[in-house]
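Worksheet: the structure to be examined is printed underneath.
Quick note: numbers below take in every heavy atom, side chains included, and nothing from hydrogens, waters or symmetry partners.
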Amino acid sequence: MNEAWHRLAMLLTLAVGFWEGPMAIIFRVFTDKEPNALTAANYLPAPWCYVAAVAAAVIAVAVIAVLDIRHKRLTSADA
């Protein structure tokens, strides 16, 4: 996997983690919008939607960390 694919994977993971995490909470608290695919955590009842949103954000950060570590290993092996 070259650098462009790593950066794309990190960017997509960040976008999904942001929309499923903090933005789902913001939509739930501050708007009256119905849940959709981008804020799937809002389909859950009140306390669980926040837990799911935080879990999605934490998982996204963990995936980004793993991708970064893997990218650093691959680039150091090439050099």
Measuring from atom CG of Leu38 to atom NZ of Lys33, what distance do you get when rounded to the nearest 0.5 angstrom? 10.5 Å
Give, for atom CZ of Arg28 and atom CG of Leu44, the distance between the pair rounded to the nearest 0.5 Å. 8.0 Å
With heavy-atom distances below 4.5 Å as the criterion, would you say the side chains of His6 and Leu74 are in contact? yes
Kindly give the heavy-atom pair with the smallest separation between Ala41 and Ala24, and that separation in Å. CB-CB, 4.4 Å
Following the transitive rule for hydrophobic clusters with a side-chain heavy-atom cut-off under 4.5 Å over Ile, Leu, Val, Met, Phe, Trp and Tyr, establish whether Val58 and Trp19 coincide in one cluster. yes
Quick one: do Ile26 and Tyr50 end up in the same hydrophobic cluster if we chain Ile, Leu, Val, Met, Phe, Trp and Tyr together by side-chain heavy atoms under 4.5 Å apart? yes
Check the pair Trp48 / Tyr43 against side chain to side chain contact (heavy atoms under 4.5 Å, CB included), numbers first and verdict last. CA-CA 9 Å; Trp48 297 109; Tyr43 283 110; over 6 Å; no
Taking Met23 as the starting point, is it possible to reach Val16 by hopping between hydrophobic residues whose side chains are less than 4.5 Å apart? no
Using atom types as modelled and distance alone, determine if a side-chain donor or acceptor of Thr13 lies under 3.5 Å from a backbone N or O of Ala9. yes
If Ile, Leu, Val, Met, Phe, Trp and Tyr residues are connected whenever their side-chain heavy atoms lie under 4.5 Å apart, and connections chain through other members, are Val29 and Val54 in the same group? yes
One should read off an interatomic distance between Trp5 CH2 and Leu67 CG, to the nearest 0.5 angstrom, of 13.0 Å
What's the spacing between Ile64 CD1 and Leu11 CG if we round to 0.5 Å? 9.0 Å
If you look only at pairs with a residue in residues 45-68, which of them pass as a salt bridge (charged side-chain N to carboxylate O under 4.0 Å, His left out), with sequence neighbours excluded? Asp68-Lys72
To the nearest 0.5 Å, how far apart are CE in Met10 and CZ in Arg7? 8.0 Å
Are Ile69 and Val63 connected in the hydrophobic side-chain network, where two residues link if heavy atoms are under 4.5 Å apart? no
Considering all heavy atoms, the nearest Gly17-Ala60 contact: CA-CB, 3.5 Å
Return the CG to CG distance between Leu8 and Asn2, rounded to the nearest 0.5 Å. 10.0 Å
So salt bridge (charged side-chain N to carboxylate O under 4.0 Å, His left out) across residues 36-61, not counting sequence neighbours, yields none
When you look at Ile59 and Glu20, which way does the side chain to side chain contact (heavy atoms under 4.5 Å, CB included) test go after all the steps? CA-CA 11 Å; Ile59 290 169; Glu20 286 293 334; over 6 Å; no
